[in-house]
Amino acid sequence: MATLAVPPSVPSPAEDAEQLRKAFAGWGTNEDLIISILAHRNTAQRKLIRQTYAETYGEDLLKALDKELSSDFERSVLLWTLDPAERDAFLSNEATKKLTSSNWVLLEIACTRSSMELFMVRQAYHARYKKSLEEDIACHTTGDFRKLLVPLASTFRYEGPEVNMTLARSEAKILHEKIHEKAYNHDELIRIVTTRSKAQLNATLNHYNNEFGNAINKDLKADPNDEFLKLLRSAIKCLTCTEKYFEKVLRLAINKLGTDEWALTRVVTTRAEVDMQRIKEQYHKRNSVPLDRAIANDTSGDYKKMLLALVGHEAA
């Protein structure tokens, strides 16, 4: 359900590569030309442009962009130009570093990608960093956070629609018991959240709601300041209603005193070709403001143009 605006007739990768080369030539960089090409090409097209650019000019397009661009605009263009699996590997690696560490980014990638996508992220991570993603997550986290994040990142969930209702009932009961006992890090609770298919998990949580009168995330708010509980609630939200999760990330990124550009760039570049339309609808419903208007009011210059092009803004 992508909203990416790809022109009806796309120039050849050779033409695009040549135009990009022109954008880098001379004294100044032609940022508008870069946006008009890269922001309007899908994953497969961007991959061919990168290949053609490297073959024709003997330089990686990403290196050329890195030399020519700067700040948030540079980050948005570089993240967007990467293959989805490479991009997720890069973001995951960044999230395990001391200065840019983020359990939230690791959780988001582990929970909102399909099993095959996550498998490809792990492969890309392995190829680029010569280590496994699980290894770096385990090294960067401790205690309950490690206990939740490592299995989330290493799982290969069943993706189909089949649901076992007997299992949903019994696992809803287990979840309720553990939450009632405040045993939030119990092995069984972690096992259910980290291994069950999204369809199965939805059935379990629906049963939980009907049987015990509360949505599970409400019961997991016992201590609003508990960071592990926040992460656990986010994992459940990511797995069961992805667009609500991303709407909240965007809302917090935009409504802060000072924009959280890293979060804004990450969500726009990773979701533009996936479910941006649903996220936009959710955002509008929740905030009574269209997402593109919220972004336009909160950003400026080439960075603003790039983001608006990616969220499918008509004037971009």
Side-chain angles (χ1 to χ4, degrees), residues 1-94 113 116-117 120-121 123-129 261-262 264-274 276 292 295 299-316:
M1 240 188 147
T3 56
L4 183 68
V6 174
S9 63
V10 175
S12 71
E15 285 173 77
D16 278 342
E18 191 186 336
Q19 286 300 311
L20 286 168
R21 189 72 172 181
K22 277 185 186 160
F24 305 147
W27 284 103
T29 307
N30 186 339
E31 287 87 356
D32 285 342
L33 183 55
I34 293 169
I35 295 168
S36 74
I37 297 169
L38 292 176
H40 300 279
R41 301 293 182 270
N42 64 28
T43 298
Q45 291 160 347
R46 295 194 306 277
K47 191 172 185 169
L48 284 173
I49 294 169
R50 264 179 79 187
Q51 280 171 358
T52 309
Y53 192 94
E55 285 158 13
T56 312
Y57 304 108
E59 182 184 31
D60 184 352
L61 176 59
L62 291 164
K63 281 212 168 71
L65 290 165
D66 188 32
K67 276 194 298 208
E68 298 291 332
L69 311 178
S70 62
S71 66
D72 293 314
F73 175 54
E74 177 187 4
R75 186 171 170 85
S76 64
V77 174
L78 288 178
L79 281 178
W80 175 245
T81 308
L82 285 167
D83 247 21
E86 279 182 288
R87 184 198 301 139
D88 282 345
F90 171 78
L91 288 167
S92 301
N93 182 260
E94 195 177 60
R113 305 326 188 229
M116 191 41 87
E117 285 164 351
M120 288 165 79
V121 174
Q123 280 186 315
Y125 198 97
H126 211 263
R128 184 165 180 165
Y129 301 108
E261 285 88 0
W262 277 44
L264 182 56
T265 303
R266 185 182 79 248
V267 175
V268 171
T269 54
T270 58
R271 306 316 285 181
E273 293 181 279
V274 185
M276 186 50 77
D292 47 16
I295 290 174
T299 55
S300 60
D302 297 316
Y303 178 54
K304 167 169 133 176
K305 288 180 197 167
M306 182 70 184
L307 293 187
L308 291 180
L310 294 184
V311 297
H313 183 57
E314 286 63 39

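Small disclaimer: the values here were computed from a predicted structure and weren't measured.
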Is there a side-chain contact between [X] and [Y] in this structure, where contact means two heavy atoms from C-beta onward sitting under 4.5 Å apart?
{"X": "Asp72", "Y": "Leu264", "value": "no"}
{"X": "Val10", "Y": "Asn42", "value": "no"}
{"X": "Gln19", "Y": "Ile49", "value": "no"}
{"X": "Ser76", "Y": "Tyr303", "value": "yes"}
{"X": "Leu308", "Y": "Lys305", "value": "no"}

At their closest point, which heavy atom of [X] faces which heavy atom of [Y], and how far apart are they?
{"X": "Val267", "Y": "Met276", "answer": "O-CE, 4.1 Å"}
{"X": "Phe90", "Y": "Tyr129", "answer": "CA-OH, 3.4 Å"}
{"X": "Asp83", "Y": "Lys47", "answer": "OD2-NZ, 3.5 Å"}
{"X": "Ala39", "Y": "Trp80", "answer": "CA-NE1, 3.8 Å"}
{"X": "Arg46", "Y": "Thr81", "answer": "NE-CA, 4.1 Å"}
{"X": "His40", "Y": "Ile35", "answer": "CD2-O, 3.5 Å"}

Kindly compute the distance separating [atom1] ([X]) from [atom2] ([Y]), expressed to the nearest 0.5 Å.
{"X": "Asp60", "Y": "Asp66", "atom1": "CG", "atom2": "CG", "result": "10.0 Å"}
{"X": "Thr299", "Y": "Met306", "atom1": "OG1", "atom2": "CE", "result": "12.5 Å"}
{"X": "Asn93", "Y": "Asp88", "atom1": "CG", "atom2": "CG", "result": "12.5 Å"}
{"X": "Leu38", "Y": "Leu61", "atom1": "CG", "atom2": "CG", "result": "6.0 Å"}
{"X": "Leu20", "Y": "Leu65", "atom1": "CG", "atom2": "CG", "result": "7.0 Å"}
{"X": "Phe24", "Y": "Tyr53", "atom1": "CZ", "atom2": "OH", "result": "4.5 Å"}

Next on the checklist: Salt bridge check, Arg21 against Glu59: does any charged N sit closer than 4.0 Å to a carboxylate O?
Outcome noted: yes
Checklist entry - Does the pair Glu94/Arg266 count as a salt bridge with the N-to-O cut at 4.0 Å? => result no
Next on the checklist: Using side chain to side chain contact (heavy atoms under 4.5 Å, CB included), reason through Thr270 and Arg113 one step at a time and then give a plain yes or no.
Outcome noted: CA-CA 10 Å; Thr270 58; Arg113 305 326 188 229; 3.7 Å; yes
Next on the checklist: Using the rule given for side chain to side chain contact (heavy atoms under 4.5 Å, CB included), can you reason through Asp302 versus Asp32, listing the C-alpha separation, both sets of side-chain angles and the distance that settles it, and then say yes or no?
Outcome noted: CA-CA 8 Å; Asp302 297 316; Asp32 285 342; 4.1 Å; yes
